[in-house]
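Read through the structure below, which is laid out as structure tokens, and then see the notes.
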Amino acid sequence: MIRDARVLDPEFVPRDIVHRDAEVNALSNALDPITEGEHGETMFLFGPSGTGKTCIARYTVEQLREAVIDITTQYVNCWQNYSRFQVLYEILSAIGRTVDIHRQSTPADLLLQRIQNYDGSPYVIVLDEVDQLEDKDVLYDLYMTRGISIVMIANREEDLFAQLDERLVSRLHASRRIRFERYGMDDLVAILQARVDRGLTPDAIDDEDLRFIADAAAGDARIAIATLREAARTADRDGLAHIPSETVREALPNARETLQQKSLDRLKPHQRTLYDIIEECGEVDPGELYGQYQERTSTPKSKRTIRKYLQKLAAYDLIIAEGEKRGRTYRLAE
DNA sequence: GTTCCACCGGAAACGGGGGACC
DNA sequence: GGTCCCCCGTTTCCGGTGGAAC
């Protein structure tokens with residue numbers, strides 16, 4: 001039944017984008033000067049998870065690569081590459097100047113210097129999850145580097161700008177922003193249908209079941225595609241030529257669990273302990289949480305480190321930190 | 001209204017690990 | 001081998017803040 005499993009991969013970038021024409025056009029226009037050998041505009045893409053920001057950025061950059069023969073591009077996930085050094089290293093690696101760079105001892109300033117000295121083809125950098133960068137000053141350095149066009153992706157505009165210093169805010173104030181709203185029901189159905197057409201055999205799934213998935217995903221394309229993938233894999237494993245409705249319904253919780261498990265797998269052991277405690281307690285205040293954490297760990301980290309871990313868990317959407325300061329409690333995300 | 005205190009989060013310091021240089 | 005420099009995870013310090021107790 002599965003003709004092309006890549007299409008069902010959450011990272012897959014389709015050849016044709018459905019229902020994001022305005023966003024694609026806005027980003028294409030901003031980067032269009034590059035086709036004339038000029039500099040692209042600095043862009044921000046804002047919106048909730050699963051609204052297609054990363055997909056649109058990758059797609060548009062790919063289109064640009066097809067239009068411009070001589071161009072360099074790099075996608076950097078600032079979640080995985082959150083330090084100044086890591087970001088600069090990723091950017092430098094795309095222009096092949098990292099051979100003699102050592103991750104433990106080379107000064108980050110040397111990496112920046114090499115990027116600033118780069119005088120090759122136009123360079124487009126996509127910085128995904130840019131709000132997860134620990135050192136935001138690197139954005140200023142990159143902004144001031146000529147020959148580089150930057151596309152930055154984050155969930156919430158207010159949260160990102162609250163983290164930037166005034167110098168950066170004033171520079172980036174004029175940058176263009178594209179806001180991504182949650183997908184509507186019909187949009188999600190169309191996205192799923194496009195994946196079905198390319199990835200599955202004809203009539204592999206009923207329209208009604210596609211609508212069920214779209215409805216249950218509540219505007220989040222990640223969940224919708226993961227559910228389709230889960231259902232298709234189950235039916236394929238069972239040797240079926242058609243995905244039964246009950247398989248689709250069973251796939252939904254499994255898909256959510258798979259997405260959540262991916263986040264859980266990225267946690268360090270101490271972070272996982274914290275998650276387990278919060279899961280068992282339902283809702284817990286910081287004092288109680290740290291007390292239980294100390295009991296379960298032979299070499300507990302400091303309270304400050306635990307607060308950093310909890311911030312990470314919240315940023316992963318695994319937990320919710322409710323209230324401020326002393327009135328704060330932690331509980332699992334829905 | 002005031003005081004106390006738990007908690008948050010920024011900044012600086014610390015220490016381990018690793019490469020470069022002499 | 002010793003020293004220096006750097007990155008990075010962690011700890012320490014501390015000012016700010018909101019809720020509880022008085």
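Because the structure is a prediction, the values reported are computed rather than measured. Here is the naming used below: chain letters follow the sequence lines, and residue numbers restart at 1 for every chain.
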Separation of [X] atom [atom1] from [N] atom [atom2], in whole Å?
X: A:K301; N: C:dT11; atom1: NZ; atom2: C1'; value: 10 Å
X: A:L133; N: C:dC8; atom1: CG; atom2: P; value: 12 Å
X: A:L112; N: C:dC7; atom1: CG; atom2: P; value: 12 Å
X: A:D135; N: C:dC7; atom1: CG; atom2: P; value: 11 Å
X: A:Y290; N: B:dC8; atom1: OH; atom2: C1'; value: 15 Å
X: A:R307; N: B:dG10; atom1: CZ; atom2: C1'; value: 11 Å
X: A:K303; N: C:dC14; atom1: NZ; atom2: C1'; value: 15 Å

(request) For side-chain hydrogen bond (donor to acceptor under 3.5 Å, both in side chains), just list the numbers for A:Q113 and A:D109, CA-CA rounded to whole Å, side-chain angles, deciding distance to a tenth of an Å, and then say yes or no. (result) CA-CA 6 Å; A:Q113 204 177 15; A:D109 284 348; over 6 Å; no
(message) For a quick check of understanding: with a heavy-atom distance under 4.0 Å over all strands, which category does A:Y309 fall into, base, sugar-phosphate or nothing?
(response) sugar-phosphate
(request) Using a 4.0 Å heavy-atom cut-off across all strands, classify A:R328 as base, sugar-phosphate, or nothing. (result) sugar-phosphate
(message) Check this for me: A:K136, atom NZ, are more than 12 non-hydrogen atoms of other residues, nucleotides or ligands nearer than 6.0 Å?
(response) yes
(request) Rounded to the nearest 0.5 Å, what's the gap from CG on A:L264 to CZ on A:R266? Could you check? (result) 10.0 Å
(request) Report yes if the distance between the aromatic ring centroids of A:H270 and A:Y293 is under 6.0 Å, otherwise no. (result) yes
(request) Using a cut-off of strictly less than 4.0 Å between a heavy atom of the residue and any atom of DNA chain B, enumerate the qualifying residues of residues 81-111 of chain A by number. (result) A:H102, A:Q104, A:S105
(request) Report yes or no: is the cationic atom of A:K312 (NZ for Lys, CZ for Arg) under 6.0 Å from the centre of the six-membered ring of A:Y82, at an angle within 45° of the ring normal? (result) yes
(request) State plainly whether one hydrophobic cluster holds both A:Y75 and A:L142, where clusters connect Ile, Leu, Val, Met, Phe, Trp and Tyr through side-chain heavy atoms under 4.5 angstrom apart. (result) no
(message) Would you say A:T60 and A:S28 are linked by a side-chain donor-acceptor pair, where the criterion is simply a distance under 3.5 Å?
(response) no
(message) Donor-acceptor check, side chain of A:Y140 to backbone of A:R167, threshold 3.5 angstrom: yes or no?
(response) no
(message) For nucleotides 17-22 of chain C, give me one character per nucleotide, 5' to 3': B if any protein heavy atom sits under 4.0 Å from the base, S if the only such contacts are to the sugar-phosphate, - if neither.
(response) BBB---
(request) Select from A:G287 and A:R304 the residue whose nearest nucleotide in DNA chain B is closer to the 5' end of that strand. (result) A:G287
